[in-house]
Structures are given as structure tokens and as C-alpha cells.
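Below is one structure, written out as C-alpha cells, with a few remarks after it.
Keep in mind that the numbers below use all heavy atoms, side chains included, and drop hydrogens, waters and symmetry copies. Reminder, nothing fancy here: chain letters follow the sequence lines and each chain counts from 1.
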Protein chains: 4
Amino acid sequence: MAHIRTRRPTGSRRSRAAGVLAPRKEPSQDRARHTVEAILQAAAAVLAQGGYDKASTNRIAEAAGVSIGSLYQYFPSKEAVVKALVERHEQRMLGVMRAHLSDVASQDIPTIVRALIDGLLDAHRVDPRLQKVLLEHSGGHTSSSIDDAVESLVRTAMETKKAELDVADLDAAAFILVTSVRTVCHRAAVERPDLLARSTFVDELNALVVRYVLRTTPSPKRPSRRR
Amino acid sequence: MAHIRTRRPTGSRRSRAAGVLAPRKEPSQDRARHTVEAILQAAAAVLAQGGYDKASTNRIAEAAGVSIGSLYQYFPSKEAVVKALVERHEQRMLGVMRAHLSDVASQDIPTIVRALIDGLLDAHRVDPRLQKVLLEHSGGHTSSSIDDAVESLVRTAMETKKAELDVADLDAAAFILVTSVRTVCHRAAVERPDLLARSTFVDELNALVVRYVLRTTPSPKRPSRRR
Amino acid sequence: MAHIRTRRPTGSRRSRAAGVLAPRKEPSQDRARHTVEAILQAAAAVLAQGGYDKASTNRIAEAAGVSIGSLYQYFPSKEAVVKALVERHEQRMLGVMRAHLSDVASQDIPTIVRALIDGLLDAHRVDPRLQKVLLEHSGGHTSSSIDDAVESLVRTAMETKKAELDVADLDAAAFILVTSVRTVCHRAAVERPDLLARSTFVDELNALVVRYVLRTTPSPKRPSRRR
Amino acid sequence: MAHIRTRRPTGSRRSRAAGVLAPRKEPSQDRARHTVEAILQAAAAVLAQGGYDKASTNRIAEAAGVSIGSLYQYFPSKEAVVKALVERHEQRMLGVMRAHLSDVASQDIPTIVRALIDGLLDAHRVDPRLQKVLLEHSGGHTSSSIDDAVESLVRTAMETKKAELDVADLDAAAFILVTSVRTVCHRAAVERPDLLARSTFVDELNALVVRYVLRTTPSPKRPSRRR
DNA sequence: TATGAATGAGGTTTCATTCAT
DNA sequence: CATGAATGAAACCTCATTCAT
């Protein structure tokens, strides 16, 4: 239901049909690909630096070193630029997840969890200011297509290991885990760099997940507790 | 033909110094208090309905049934209105927390956790769309004074019960718990009303917290596991 | 429901740092040069007609037949437009001065003075209403770079002729002369067209200057006095 | 020709009849006189500090410690406040002039001129910033009733001493002298405090006037010239 | 195709003035 | 009388978008 207030000098409003946010044309030549890449990188920089509102298409075009006309040749609107950035980011995140969840069968749960969290934290250490802006605005537009994807990934993984787990409502658990871990990583990156640096922080986050899902709670890093 | 209606001739742009977001003046008459209240309620409605960007001061004033001048008599900017709303909301949240954590000593941990989560979920059930907007924008400006407050509340509570807990880094744990629970409640309220309705969802969230902090993991609601 | 048309969300008010009044960008295409010229001419007309306060950027743009956006593409503020006008005017004035003072060595003082005053009066006969507005507002902002320039021009000229003059404090004299003659010409043009028309008025103004600076006071036009 | 754009919440414009700028009611009680005085002093301070445009009636009332309603009880508009200030200032100036020109017969011209200039300079040393604002804005509205008064004062004085003078066009001379001396004093006070401090500056200004009007030019302070 | 000049709706904010209390 | 809450026209300025070159 995104309301895209496209202003134009004269005339009618762009119709609200689906597909309005798709890139306007696939860049087929090298120069064009380069232009699109420059625009996206400039958009990332401008968004990271000033936030969504301060990032105007004119500023982005200028930062990219292309004319505003060129920007509109490849993106039909400002939102489309942001959307392309969001998608790129989501694909990267999804890649991290998929890579770590692909061989679920061959590893024990604490190992998987730790690898996942490490991957996520690393991913969040890259330009957290941009991530923040993207997150807020992807939240604004869609119900986060990627979240659904990640959730079902996690859900599937949990089903695979069901025997070892102690989780009654897999849907709820997937939602809770994905939301918690993603936000904790995000907020830590944005607001608490001091925490990110502590190794105990990662330990605690691991503990949160592992103790929650595991039938017994061996908590490998706290042997004292095991007795 | 001298014209009197002069305007900002030289260097009078408001600078972003501290205090710029503070309300402009306290309403002293009853009528004024009523106006301020109307503005805040209208702002809540407009923000909830259209999001931050679509909420213009003109729209807010109109929705409040007051003139735009009245709005600017009490708030120096659009941001100041939002800030006032955020603060009000935060105070309410904090109230819920404090009430539930006041008699920490007299109750066992699972009870406290459940009460807290129930409280938070209740709080989030009120106008989730508004909460969403406020959250995004309070996150935008400050490191959310309230988050700090809640975190230290939780940290203090955990210290009181330290003997029963198995947490190495209390700071990290408080950050992780507050972030996780708050966001899970929030996202559930905004994006997954279906989950909110299931009792198992609350159970799972409880499990997340309780299993994490408790030395042993009795998980009262899953007696089968205890044997 | 995200709304795209965002606006200055946080701390983006233009600060009054140096350079804020400089034109925003040099027009590079012919069309743009034409636009800028139209804006300046319209500004002159509007200022002359209604004074500074009544001259709004919207009115100027409208009078120029361009959109308000075009105005702001080339000038960052109303003040910048006025400043550009002032500078243009000052350059013209300075040109008149320089032309008349260039061959100081080859002429006698009364001749030079008369030429200067005639030049100034001519310059002031052009659109006196505009001059008035510009003068008031250039006085408002800077110590009028042009006044300094004219003063040092006059000072230098006086030094060249020092032997023939009877002036103790050259700085003070230059200030006094420039201020007096400029203002007398100006006020006469604006408020006393009747005086401007009389030849005796120019004679008196000449007498003021010549008698002041000359060692003896030959006052060529009043031979009776010489005896 | 002053166009007074009086905005009001609803309804019609105030008619442009003469007398609109007269104070609304004569303060008859002591308290009221005090209020009026406070408003005028506050207006002076605010005008001096921020210039005409930045001086709003609300700011003036606040600075005066009275409510905006009280201001409008005694002055029908912002312009009326400024006008009252201008008139007060002009009366003072006129007083200086009159005092010094009253006994023209009993003194010689250089003495009179010197006294007048000293008086004017003193008058201008008081709050030059305010004077500047008042001058610009009295110039804006009226053709300066006081200038006419001073001019005819000077003209009359010159007629009295006609035998000793060498001035052909008394009208022009009065205009030139009043304009020159007033502006030189004014600009010196506002822009060149360094000049004001030099005794030679005053000497030069005296010389300007005395040499101009006097049949011979004895210039008492430059005996060297006299041989 | 790339450029950048032009557009103009509409956002934010101010302030002279009125009038109920 | 004094107060100060309320008004709203209108000023300044931005920025997404188009289109002539």
C-alpha cells in the first residue's frame, strides 16, 4: 500500500500498478552497468551519511557523478533506488544464512548457531549506519520478504534437528529467534560498539539461542554449570 | 509602498542546538492545555495513519482542529511534536516495567518474566502502527533514553537474583534481553497478529528468557521435559 | 504506507556561514544564463517598485517568468539575489569612478571634481528607487566593499595632487568626501528632483568639494569672489 | 504611500485613513505611561539588536515585559511603534539644532558650525545601531519631516548671516550641508568608530562646512595656511 | 544516450493582529 | 485594563521528476 507521491512538473500521477519500483531498464552495455553501480554506491553513501530524508535524488546523482537524468533512466523513482539497495543487502544476508544452514545435518547445534551469529555480526559490522536506514525503510515498505525467507530457512533447519530440540511451536520459535538475533546484532552494531568488541557479548548471545532451543542445556562454554 | 510584513531577513534560521526540540512553552491556561493535548492526539493519529514522512505539521494541525500557528506556539518544529509523543510513550512503557519489577525479591523468576512479557505485550497492543513509527524515529535521534533506563532496571533486577542466575556478563545480558523481548513484542504486534493470539507464542518467548537466565532450566510449562 | 516526499528531517537548516550568499551555480547553458538575467532584472523591478520587504522570492520569480524552483537553483536565498544586484550596481558605479579618475594627472582639480560629480549624478539618475533600496540593504550587511574601493581611489587621487591640496587627514577627507557627495547625489535623485534640475545645485556641490580641498579657493564659477 | 499589510485572523483590512499610525490612546495613568515607556525602550533595544525585520511585535512586548495585548492597546501596529521611536529621536536631534542655532547673531560662523557638528556627533554616538535602523526606516516611509525642519532652520540661519557668506543658492546649500553633515556623522558613528575618535576628523568636517560657506576661508585650525 | 535546466506542489515556519477571559 | 491563546496568510525553500537539447 505504499503511497508514492511522485511529483512531476505537469500532468498526471503515475499509476500505482505493481512493478513501478522495478529498475527501468536492464543495463546492457558496460558503461550503463558502471553508471548503475555508481548510483547505488552513491546512494549507499548518501543514505548512510544523512538518512533517508536528507538523501535526495539530486544529491545521489551528484555524488555518483552522473546527471539526474541518467539516474531516472535506470530507476523510475527515488524509492526504486532504495529498493535496489535493500535487495542487494538482503541477498547478501540471505547468502550468509544459507551458507551456514546448508550443512545442518553434519554439525552439532552449538556450532551451527555460533557460525550463524558470527556471520551475522560480521555482516552487521559493514556500514551499520546504512543498514539502519535500510532496515527502517525496508520495514516501512514491505513486510520484509527476506525475513520470511530467513524464517523459513531457520524453521526448516529446526525441523531437521527436531529430535534434539525442545521447541513446541516451531513457527513462533523461528520468528522469535530471527527477530531477536537480527535486532541484537543490529542494535549492537549501531548503538553499542563497545559490546560488539567484547567476546562475552557473543557468548551471551549464543547462550540465548542455544539454551532456548536445546533439549538439555550443556552450554559448552560454561562447563561449571554442567556438573 | 513600504511593506511591513517582513520576514527573516538575515541569519535567523533556527540552529540545531540542544533544546531546539523542547516544547516551546508550557500551556498555562486550560484552553491551551486542551490545544496541546489535541495536537498530540492528532499527531498520533496522523503518524499512525501515514507514517512519519506523510505527517506534515499542517496535516497535524488540521487534524487537531487548531491553526498551524497554534501548533508552532507550543512546538518549535515537527520533530519536537514527535519527540513529545515519543517521550509520553516511553514514560508509559517505563511505568509498566517499573510496576512489574518493583517486587522482584518476593517472586520467583519465571513469574516475574511472565508478568513482564505480558505487560510489554499489552503495552504493544495499543496502537501498534503508531509505536512502529515512534520506534523508528526515536531510534533515529537518540540512543533512546528509555532503553537505557529499562536496561539498568533489568540489570539491577538481575543482580538482586544473581545467585539463581547463570549469566556471566550482566551488561551484555541486559542489552540482549531488553532488545530481544522488546523487538519481538513489537514486531509481533505490528506484523504478526496471528502469533500474538497464540498462547504458545508467549510460552516460547518466556522460554527464551527463562532458559537463558536460569541456572537450571525447569521450564515450568513443559513438565514432560523435566523428568 | 511509506511516503516518499520527505523533507528536511533533522538538522539541515542552512547555516549562515560565509559563502551562503554566493550564487549557487554558474549557468553554463545559454538558456540558464537567460534565466539568471531574467531573475536579476525582475528582482530590480520588484525591489524598485515595492521595497525590500515586499519583494518576495515568489514575486520575483513570477515577475521573471520563471518558476520559484529555478530561482533557487541559482540563488540560495532572497538575500543572495539582492546581493548579486548590489554587486552589479557597485561594479557599474566603480566603473564610472575609475574612468573619471584615470587621468587625474593631466587635469586640474575643478575639472576632475566636476566630471566626477556629473558622472555620479548621471549614475544616480538611473532607477533611483532601486538604488535607494540597494543602498539601504548593502549598508545593512557589509561596510560596502565598494565604498572602501571608492575611498581608496579618491585617497590615491588626492595623494597625487597633494601639493595643490590643503587637507591634513587624507583618510578622514576621503571618507567625508565620498560620503557627502554620494549621499547628496543619492538623496537629490530620490527626494529632490527639483534640485537635480537646477544648474546651481551642481555648482554648489562642486563648490563644497573644491573649496574644501583646494589650498586657495579660486572657485572658477564665482569670479566675483576672487578679487 | 506606505502600504501597511495588517494581517488579522479574520475579517477586513483596516482602512488606510490618515492617523492610523497615531498612538491609540494617550496614557493617562501612571502605570500606563510606564507601560508605553517600557514598550518604546524594548523596541529600541530589539531594533538595535536585530534590525527592523527581526523585530517582531511579540518580541518587543516580551522584552518590555508586557503582554502583546497591552502593546496593541497603545499602538495600533508595529509601524506605529517604530514611528513613535523615530519621532522621539527626531525631536532630540531637532532640539540640538535649535539650541545651537538660536543665538546665531551673537557668534561667528566657525564657532556656530563647530558647536553644531559637535552636538550632532554627540547625538550620533548614542546607540548608533538603533539610529541606523530608524534612519533606514524613516527614510522608507516619510520624506523625513525632520530633515525639512532642519533644512529650513539652517537656511534661515544662513540668511541671517548672508553678508558673510558666499553661497549662491541657499536652498541647495542647505540641502547639501544638512545631508552631508548628517550622513557623515551617521556613517562615522556606525561604520568608522576609529575616525570618530580622531580629532582631525572633526577638524576636517568643520573645514568642509566652513570653507564652503565662508566668503574667505580663514580655517582657524590651519594657521600655517594663512601665512 | 547523457545532460542539466526547469518545474511547481507542498512542506516548514513566522508574525502582525484579534479577542475571550 | 491586562493577558496570552489563537489565527492564518504568506514567506521561504526543497526536491522528485520531466524533457529539450
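- Using a 4.0 Å cut-off between charged side-chain N and carboxylate O, D:K83 and D:E87 make a salt bridge.
- Distance, C:F75 CZ to E:dA6 P: 12 Å, rounded to whole Å.
- The minimum heavy-atom distance between D:V66 and D:I39, with the atom names listed, is CG2-CG1, 4.1 Å.
- Picking from F:dG8, F:dT3, E:dA6 the nucleotide with the shortest atom distance to the side chain of B:I68 gives F:dG8.
- Ranking E:dT13, F:dA16, E:dA5 by closeness to the C:A32 side chain, first place goes to E:dA5.
- Pairing of F:dA20, defined by two Watson-Crick or G-U wobble distances under 3.5 Å, is identified with E:dT3.
- B:R31 places its CZ atom 4 Å from the C1' atom of F:dA5, with the value rounded to the nearest Å.
- Atom OH of A:Y72 and atom P of F:dC15 are 12 Å apart (whole Å).
- At a threshold of 4.0 angstrom between heavy atoms, the contacts of A:T57 include nucleobase atoms, whether or not backbone atoms are also involved.
- Smallest separation of non-hydrogen atoms from A:A55 and A:L47: CB-CD2, 3.7 Å.
- Contact annotation: side chain of C:N58 to base of F:dA10, donor-acceptor pair absent below 3.5 Å.
- Mapping D:V66 and A:S56 onto DNA chain F via the closest heavy atom, the residue that lands nearer the 5' end is D:V66.
- The separation between B:E37 atom CD and F:dA5 atom P is 16 Å, rounded to whole Å.
- In terms of heavy atoms, A:A63 sits closest to A:V46 at CB-CG2, 3.9 Å.
- Of the candidates E:dT13, E:dA16, F:dC13, the closest approach to any side-chain atom of B:S77 belongs to E:dT13.
- Checking E:dC15, F:dA5, F:dT7 against every side-chain atom of B:T35, the shortest atom distance belongs to F:dA5.
- Using a 4.0 Å cut-off, some side-chain N or O of D:S67 falls inside it from OP1 or OP2 of F:dT3.
- Atom OH in D:Y52 sits roughly 12 Å away from atom P in E:dC15 (whole-Å rounding).
- Contact annotation: B:Q73 side-chain N/O to F:dG4 OP1/OP2 distance is not under 4.0 Å.
- The distance between atom CD of B:E62 and atom C1' of F:dA6, rounded to the nearest whole Å, is 17 Å.
- C:S70 comes within 4.0 angstrom of a nucleotide base, judged by non-hydrogen atoms across all strands.
- Side-chain polar atoms of C:T57 and C:Y72 form a donor-acceptor pair below 3.5 angstrom.
- A:L71 has its CG atom 13 Å from the C1' atom of E:dG4, to the nearest Å.
- In the set E:dA2, F:dC12, F:dA11, F:dA11 carries the atom at the smallest distance from any side-chain atom of C:R59.
- Nucleotide E:dA2 holds its C1' atom 18 Å from the CZ atom of A:R33, rounded to whole Å.
- Using a 4.0 Å cut-off, some side-chain N or O of B:Y74 falls inside it from OP1 or OP2 of F:dA6.
- In summary, D:E37 and D:R88 engage in a salt bridge, as defined by a charged side-chain N under 4.0 Å from a carboxylate O.
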